[in-house]
Amino acid sequence: MTGPLVPFREFVLKVHSRCDLACDHCYVYEHADQSWLTRPKTISDEAISWTARRLAEHATTHALPSVTVILHGGEPLLAGPARLRRVCEELGSALNGIAELDLRIHTNGVQLSPRYLDLFDEFHVRVGISLDGDRAANDRHRRFANGRSSHPMVMRAVELLREERYRHLDLGLLCTVDIHNDPVAVHDALAALEPPLVDFLLPHATWDDPPPRPDGSPTAYADWLLTVFDRWTEQGRPMPVRMFASVLSSLGGGPSLTESLGLAPTDLVVIETDGQLEQVDSLKSAYEGAAATGFDVFRNTFDEVAAHPGVRARQLGLASVSETCRRCPVVRSCGGGLYTHRYRSDQGPESLSGGGFDNPSVYCADLAALIRGIEDRTAAAIESPAVRSPDELLAAHQDLTRTLLAALHDTLDGRGGALWDEAWRLAATVEADAPGAEALDAVLAHPYTRTWLVDALEDVEAGRGLTEPAAERLAATVAAAAVRARLDLPVPVAYRDGSLHLPTLGTVLLGGPREQGAAVVRPTDGGFLVRGPKSAPGTGLRIAPDEPEGPHWLPVHVLRRAPAPVLLLDDLDPLRDHFAAPATDRLEAEEADAWAHRVADAWSLLADAVPEQAAEAARMLTTLTPLFTGETGPGRHGPGALGVGPVVGAEELAFGLLSGFRRAKLRALGEVTDLYALDGTWEHRTPWGSEHVTLSRLLAETFERAGLGLYDPRYLTGVPEALDMIENAAEVTVDGKQLIAAVRKEISGTRSAAGKESRQAVPVVR
């Protein structure tokens, strides 16, 4: 076994080993492992004390902020209030000052009463209740030994938990699926109780003892659950459903939310009433002793259990599933299913790490159909509009920038300094004015804004504090917005190295190269006034932003030559140097004019050959930064910026701009939505070479080649095959598939190199 040891964060503590019901689907009493017969009925004082000691030891060793303990059975309420109080007191005392204790109890509800709930209220114990639906569904399995229904007593317990005084203790309902039950009736019965959560569980089964399939359908359980999903959706999703939430999360690139699905490593251990330490309880369905570790709380630490081969086998993520599962496109969502459900005895039960459990789940077809069914039903609703619409992509990035700015201010929590606080206050004043809000959005949308926000937030979160340039940048941003909106608003700013840079506008020269100090920017009818520390009252530098370069003013170069869009040629911004090659120094006016001609010539080629891409690039690109060396491409900045190296002619620049735009767009998409997950877990062979690469690289090369292939069809070689590979990869998310569909549509109808005259190929795709 390889990989770091995963500490336990969830502990199932068996406080009573017997039950007051005789449920015929119970894994504890009705399945292969009958070890309950040898356990003491109630956990002893010694076992409680040692459990508490081991919990504190484990939490201390791994610096765990919290641990979850689930009081379980049998039926845990049979332990009685006094014993449960002892458990709560011992655990709480041991973990006091070490880790937060999240106490829960899972019960069938038959014994639940106010005396228990008052105790649970005292110790903050939340309560989960097993209920399989309406009376007909619940009575199918959950009955007393004499056949009597438990439903009325369970309903009384649920109603008790719904009372205002106990509602905060309600953890939700656990429902075991039985396909003989009416799925709509089950859903409606559970939803009517307004639970905070519903958890549907597939009945425990193995390849040796498969689940019943009355009609022989390989997807009977998926069909049942999808009917529930449809009803749940139709009713407006009245309560969270853990299984559905987990699938939706993983489809979008997020984590699984339950042990029964996904590739997250297990972090659960069971403490039996006799102090024995065991693996997850469901393993009792496989064979006698499947859950045993040979350890106990009296002699062994939880770290020793975490290192047990059986536990480690469930901590290895993708490496813990069968070869069949590793090749399956839905494995990221299903994770091979619950470990127990993979067992078959003809592979030998002696090993939990690749023996009898090295199979797909006995519910494999159901899980695949469930995940695909949920994806088909929800893809349109959960897809990010940013993938299909450039305007939505820009809006998402504007929201992201504003979110980062707000997060930085909140993280500072009053520690930003006087300049920051004043700039923040004035930003609100600017935003209260309609033209001001539009101007502030325009300055915040400048690609370099993202750079300073991300760096500043990293510094503050790391405890390094806000640097002076970061505070100065906010003040300069607000000043630039006020100038653009022509607001009569004095904005205090700071300058260093004798210059004050106003993003998107230019640089004011206030003194020598080492001079720094404070100034005030105040918009005027014709531009703005800058009053430095040496300015006499009523005096200062009067700047018109559109005026030519002079001794006190360096405007940002603006390229305005059709058919190219209006672009900033930014060779001034102090933050511009975040590309693969160093940025040039200030260009002369003649050099900037030459850039305008070159960009216009290149854009003319793009507008003729790929008009849709040219129009999209014109909508998204705002800033070019000239570089000393290197090729055209995005840097660390937000969307809209490309660094452009020395170019020879229009053809080369056109290819560079198109290539850089495609890379910048894909990067921008990846910053606002998840196109894939678990990148690097699998490798893929590129159709245009023999190299094996990660999905992220395959996607990047494919996306770039598809765009260039519309300009020169030779770049389309292998692209359709690559799109097939990506679409069927386990890593790709709903939004990733949406992007692939858009690329397919983009290249549909293109002809091969043999059918269209190719342009001179420029080797921009590596």
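One-based numbering along the sequence shown. Values below: all heavy atoms of this structure, side chains included; hydrogens, waters and symmetry mates excluded.
- Under a 3.5 Å cut-off, the side chain of Asp208 and the backbone N or O of Ser345 do form a donor-acceptor pair.
- A donor-acceptor pair is defined here as one N or O able to donate and one able to accept, closer than 3.5 Å; such a pair exists between the side chain of Arg143 and the backbone of Arg140.
- Remark: Thr107 pairs with Glu75 by the side chain to side chain donor-acceptor pair (under 3.5 Å) rule, at least two apart or across chains.
- Distance alone, capped at 3.5 Å, is enough to place a donor-acceptor pair between the His58 side chain and the Phe8 backbone.
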For side-chain hydrogen bond (donor to acceptor under 3.5 Å, both in side chains), just list the numbers for Asp178 and His141, CA-CA rounded to whole Å, side-chain angles, deciding distance to a tenth of an Å, and then say yes or no.
-> CA-CA 9 Å; Asp178 189 316; His141 301 289; 2.5 Å; yes

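- At a threshold of 4.5 Å between non-hydrogen side-chain atoms, the residues Leu103 and Arg126 do not count as touching.
- Contact check for Ser333 versus Leu251: side-chain heavy atoms found under the 4.5 Å cut-off.
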Could you walk me through whether Asp366 and Arg213 pass salt bridge (charged side-chain N to carboxylate O under 4.0 Å, His left out), step by step?
-> CA-CA 11 Å; Asp366 291 293; Arg213 297 182 182 276; 2.5 Å; yes

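- Relative to the six-membered ring of Trp207, Arg342 misses at least one condition, a distance below 6.0 Å or an angle of at most 45° to the axis.
- The backbone N or O of Ser246 sits less than 3.5 Å from a side-chain atom of Ser250, completing a donor-acceptor pair.
- Here the side chain of Lys14 pairs a donor or acceptor atom with the backbone of Gly73 at under 3.5 angstrom.
- At a threshold of 4.5 Å between non-hydrogen side-chain atoms, the residues Arg685 and Ser690 count as touching.
- Nearest heavy-atom pair, Val110 versus Ser150, reported as atom, atom and distance to 0.1 Å: CG2-CB, 4.3 Å.
- Taking Val672 as the reference, Ala386, Leu393, Ala396, His397, Leu400 meet the side chain to side chain contact (heavy atoms under 4.5 Å, CB included) condition, with sequence neighbours excluded.
- Aromatic pair Phe302/Phe11: ring centres closer than 6.0 Å.
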Applying salt bridge (charged side-chain N to carboxylate O under 4.0 Å, His left out), run through Asp679 and Arg697 and close with a yes or a no.
-> CA-CA 9 Å; Asp679 185 45; Arg697 180 171 167 187; over 6 Å; no

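- Across all their heavy atoms, Ala365 and Pro218 have their closest contact at CB-O, 3.4 Å.
- For Tyr221 and Trp224, the distance between ring centers is not under 6.0 angstrom.
- Scanning all heavy atoms of the two residues, the minimum distance from Phe295 to Gln276 falls at O-OE1, 3.5 Å.
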What do the steps show when you test Lys737 against Glu375 for side-chain contact (heavy atoms from CB on, under 4.5 Å), and what is the final call?
-> CA-CA 11 Å; Lys737 291 180 181 179; Glu375 181 178 9; 2.9 Å; yes

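- Residue Met243 forms a side-chain contact (heavy atoms from CB on, under 4.5 Å) with just one option from Val177, Leu261, Ile374, Leu248, and that option is Leu261.
- Under the side chain to side chain contact (heavy atoms under 4.5 Å, CB included) criterion, Arg327 pairs with Glu323, Thr324, sequence neighbours left out.
- A distance-only check finds no donor-acceptor pair linking the side chain of Arg242 to the backbone of Thr258 [under 3.5 Å].
- Looking only at atom types and distance, the side chain of Asn108 has a donor-acceptor partner in the side chain of Asp20 under 3.5 Å away.
- Atoms CD and OG, from Gln738 and Ser384 in turn, are 7.0 Å apart once rounded to the nearest 0.5 Å.
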Pair Ser66-Asp102, side-chain hydrogen bond (donor to acceptor under 3.5 Å, both in side chains): steps then yes or no | CA-CA 7 Å; Ser66 66; Asp102 176 10; over 6 Å; no

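- At distances below 3.5 Å, at least one donor-acceptor pair connects side-chain atoms of Arg332 with backbone N or O atoms of Val732.
- For the 3.5 Å distance criterion, the side chains of Glu691 and His684 fail to qualify, holding no donor opposite an acceptor.
- Side-chain contact between Leu739 and Leu675 is present, with at least one heavy-atom pair separated by less than 4.5 Å.
- The shortest non-hydrogen separation linking Asp674 to Thr733 is O-OG1, 2.6 Å.
- Under the 4.5 Å side-chain criterion, counting only non-hydrogen atoms from C-beta, Phe357 is in contact with Leu283.
- For the pair Leu5 and Asp303, the minimum side-chain heavy-atom distance is below 4.5 Å.
- Closest approach of Leu370 and Ala222 over heavy atoms only: N-CB, 3.7 Å.
- Contact annotation: the side chain of Val186 never approaches that of Val228 to less than 4.5 Å [non-hydrogen atoms, C-beta and beyond].
- Shown here for Ile371 and Cys334, the closest heavy-atom pair between the two residues is CD1-CB, 3.5 Å.
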List the steps and the verdict of salt bridge (charged side-chain N to carboxylate O under 4.0 Å, His left out) for Arg231 and Asp188.
-> CA-CA 8 Å; Arg231 182 65 169 178; Asp188 289 355; 2.8 Å; yes

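- The closest side-chain heavy-atom distance from Thr227 to Leu225 is not below 4.5 Å.
- Donor-acceptor pairing under 3.5 Å is recorded for the side chains of Asp735 and Thr673.
- Between the side chain of Asn138 and the backbone N or O of Asp134, no donor-acceptor pair lies under 3.5 Å.
- Side-chain contact, Ser322 with Asp358: no donor N or O sits under 3.5 Å from an acceptor N or O.
- The aromatic rings of Phe229 and Phe244 stand perpendicular to each other, their planes meeting at an angle above 60°, with 30° marking the opposite boundary.
- Side-chain atoms of Thr378 never come within 3.5 Å of backbone atoms of Ala381 as a donor-acceptor pair (strictly under, hydrogens ignored).
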Gln235/His187 under side-chain contact (heavy atoms from CB on, under 4.5 Å): CA gap, chis, key distance, verdict | CA-CA 10 Å; Gln235 297 293 320; His187 170 276; 4.0 Å; yes

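- Remark: side-chain polar atoms of Arg237 are not paired, donor with acceptor, to backbone N or O of Thr233 under 3.5 angstrom.
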